[in-house]
2 protein chains.
Amino acid sequence: MEEILTQSEENYIKAIFSLYQQTNAPVSTNDLAERMETKASSVTDMVRRLSEKSLLLYTKYKGCELTKEGERTALKTIRKHRLWETFLVEKLKFGWDEVHDIAEQLEHIRSVKLTDQLDAFLDFPKFDPHGDAIPDKNGEIVQREKSCKLSDLELESEAIVIGVADGSPSFLRYLDKHQITLGTKLVIKERFEFDDSMEVELNDTILSLSSAASSKITVQLV
Amino acid sequence: MEEILTQSEENYIKAIFSLYQQTNAPVSTNDLAERMETKASSVTDMVRRLSEKSLLLYTKYKGCELTKEGERTALKTIRKHRLWETFLVEKLKFGWDEVHDIAEQLEHIRSVKLTDQLDAFLDFPKFDPHGDAIPDKNGEIVQREKSCKLSDLELESEAIVIGVADGSPSFLRYLDKHQITLGTKLVIKERFEFDDSMEVELNDTILSLSSAASSKITVQLV
DNA sequence: TGTATTTTTTAGTCTTATCTAAAAATATTT
DNA sequence: AAATATTTTTAGATAAGACTAAAAAATACA
Ligand SMILES: [Mn+2]
Ligand SMILES: [Mn+2]
Ligand SMILES: [Mn+2]
Ligand SMILES: [Mn+2]
């Protein structure tokens, strides 16, 4: 079969994959429209097309979910996206806040050999610059043991930053400014009930974090 | 202004640039259609659109030629194409016969910083894997001194291969098979009038080349 | 259970990029 | 110069992917 998909189709597939992961329920037309920054009517059209290509199952008024084939497609695109992000940061010296939009384009380049050679060139990385797992050639992804949100940690616990739940440039630059990056070790020194903010120690300094910030930082206890 | 162009528009611009270079005359609708592997009517449409965006000058029945702006656009795309080809060969270990189609996609990625960082990563290469000059950030290209076709050389002259006039995989693989690559040194040992074929010495062996082959190899006298 | 609200689909339009077939302009021959 | 051949443009269609406005279905809620 080996269907050739347009960039738009690949973007939709990725969005459906990601929305489905959040709820484990069929993705609604409206949710998808919001994610894709388009109109519900456009989504209905596209979902019909993708269903026609048996990349997803669609029932009128009931939303859609990917087929096995659709999932494979999503994982291929995600693999490429994250490999390119890794390339941009590791080899081309981009900041982790600058790579998403470019990877959003690069992920659509069609060449299995390119993807696999890039993977090898990068030494088969398991995680991208934001801590997200990179699917391997077969779509397999490393499952991480016991990670949690920084905001969930108790007083005096020590943890290492392993990811971010928000990849927006503004948030990433905020983290940069405060010297928080993947691998940063921190200790919870204080927690304030009234606004769920906390103070953490890192690099021998104390940093105050809002609940909005701490809930978007993924950590692992040391 | 900074017009955003579609991939198709960029491909047309590149084709017009290249066809114009061959004849220094306006590019005819039919020639362009043949190069783009499309129909003349499609070309008329596209040329109108590009003229509307003042990337080229078009006179009905008289063909078209790029404006300064169009030329800049062409050079930007060519720069990206050749940088990516270089990346694929130098870093990802592709053969020079495998990179064109992939670069044909990569050349459309929009990010000035990406292009410039890639350029730096590759150490500002002046030529791509086929010996073609890579325009720099400002669109400037290195002009080579006295190069000529291998087929133009006289008996006993010594020369170095610096390029190919045909980038097709089949020709490039033919060269690979006979150990001819950029930098290969060869000496003309024999020339046959009746079919314009020749025998050249390289790596201490004698190789016979048809006129079709020798006229597509660009060399420089040593 | 009937009404109001929200969600989703349908219908119709637009743009880009393509195509085929026919008409018009240009170029080549006789 | 007229006839013929070639090139190019026009006219009309199609498909993807988007939009708006209106209709229909599903859900919420009084
Ligand atoms: Mn994308
Ligand atoms: Mn990422
Ligand atoms: Mn291209
Ligand atoms: Mn090349």
Side-chain angles (χ1 to χ4, degrees), chain A residues 2-16 19-20 22-23 25-66 70 73-74 77 104-105 107-108 110, chain B residues 2-16 19-20 22-23 25-66 70 73-74 77 104-105 107-108 110:
Chain A
E2 277 304 301
E3 281 274 24
I4 291 161
L5 300 181
T6 65
Q7 303 201 173
S8 188
E9 287 171 327
E10 289 184 344
N11 288 336
Y12 271 93
I13 294 278
K14 258 199 333 172
I16 294 164
L19 288 172
Y20 187 86
Q22 278 164 41
T23 56
V27 175
S28 81
T29 301
N30 254 13
D31 287 359
L32 192 44
E34 189 180 1
R35 171 66 69 99
M36 295 300 297
E37 294 178 292
T38 186
K39 298 299 156 90
S41 54
S42 306
V43 169
T44 304
D45 272 5
M46 178 59 91
V47 158
R48 284 240 167 77
R49 264 196 300 281
L50 293 173
S51 149
E52 203 55 50
K53 299 187 180 184
S54 55
L55 291 161
L56 52 79
L57 301 171
Y58 166 62
T59 326
K60 262 165 79 162
Y61 296 102
K62 296 294 175 186
C64 66
E65 54 191 295
L66 297 182
T73 304
T77 309
E104 204 56 49
Q105 300 177 60
E107 70 189 359
H108 304 292
R110 279 181 301 270
Chain B
E2 277 302 302
E3 279 275 24
I4 291 160
L5 301 181
T6 66
Q7 302 200 177
S8 188
E9 287 172 327
E10 288 184 346
N11 288 336
Y12 271 93
I13 295 278
K14 258 198 334 172
I16 294 164
L19 288 172
Y20 186 86
Q22 278 164 41
T23 55
V27 175
S28 82
T29 301
N30 255 12
D31 287 358
L32 192 45
E34 188 180 2
R35 170 66 71 98
M36 295 301 295
E37 294 178 292
T38 186
K39 296 301 154 89
S41 55
S42 305
V43 170
T44 303
D45 272 5
M46 179 59 91
V47 158
R48 284 239 168 79
R49 264 196 300 282
L50 293 174
S51 149
E52 204 53 49
K53 299 186 180 186
S54 55
L55 291 162
L56 52 78
L57 301 170
Y58 165 62
T59 326
K60 263 164 79 162
Y61 297 102
K62 297 295 175 187
C64 67
E65 53 191 295
L66 298 181
T73 303
T77 309
E104 203 56 50
Q105 298 177 60
E107 70 189 359
H108 304 293
R110 280 182 299 271

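Just so it is clear: chains get the letters A, B, ... in the order the sequence lines come, proteins before strands, and each one is counted from 1. All figures in this text were calculated on a predicted structure; none of them were measured in a lab.
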Requested in this report: Applying salt bridge (Lys or Arg N to Asp or Glu O under 4.0 Å), name anything that partners A:Glu10, two or more places apart in sequence or on another chain.
Outcome: none
N/O donor-acceptor pairs under 3.5 Å from side chains in residues 51-59 of chain A, not counting sequence neighbours:
unit_1: A:Lys53; atom_1: NZ; unit_2: A:Glu9; atom_2: OE1; d: 3.3
unit_1: A:Lys53; atom_1: NZ; unit_2: A:Glu9; atom_2: OE2; d: 2.8

Query raised in the report: For the residue pair B:Val27 and B:Leu32, what are the closest heavy atoms and their distance?
Result: CG1-CB, 4.1 Å
**Report entry** B:Pro26 to B:Lys62 - nearest heavy-atom pair and separation
**Finding:** CB-O, 3.5 Å
Query raised in the report: Separation of B:Tyr12 atom OH from C:dT16 atom P, in whole Å?
Result: 14 Å
Report summary line: Rounded to whole Å, CG of A:Leu32 lies from C1' of C:dT7 at a distance of 14 Å
Query raised in the report: Between which nucleotides of DNA chain D, 5' to 3', does chain A make heavy-atom contacts below 4.0 Å?
Result: D:dG17 to D:dA26
Output side-chain donor-acceptor pairs under 3.5 Å for residues 34-46 of chain B, partner residues at least two apart or in another chain, one line each.
unit_1: B:Arg35; atom_1: NH1; unit_2: B:Ser18; atom_2: OG; d: 2.9
unit_1: B:Arg35; atom_1: NH2; unit_2: B:Ser18; atom_2: OG; d: 3.2
unit_1: B:Thr44; atom_1: OG1; unit_2: B:Ala40; atom_2: O; d: 3.1

Query raised in the report: Considering heavy-atom distances to DNA chain D, does B:Thr59 or A:Ser8 have its closest nucleotide positioned more toward the 5' end?
Result: B:Thr59
Query raised in the report: So which one's nearest nucleotide on DNA chain D is more toward 5', B:Gly63 or A:Glu9?
Result: B:Gly63
Query raised in the report: Quick one: CG on B:Leu66 to OG1 on B:Thr73, what's the gap to the nearest 0.5 Å?
Result: 8.0 Å
Query raised in the report: Of all of residues 38-52 of chain A, which get a heavy atom below 4.0 angstrom from DNA chain C, listed by number?
Result: A:Ala40, A:Ser41, A:Thr44, A:Arg48
Query raised in the report: Does the pair B:Asn11 and B:Glu107 meet the rule for a side chain to side chain contact (heavy atoms under 4.5 Å, CB included), with working shown?
Result: CA-CA 10 Å; B:Asn11 288 336; B:Glu107 70 189 359; 3.2 Å; yes
Query - Under the side chain to side chain contact (heavy atoms under 4.5 Å, CB included) test, residues paired with B:Gln105 that sit two or more places apart - result: A:Ile109, A:Arg110
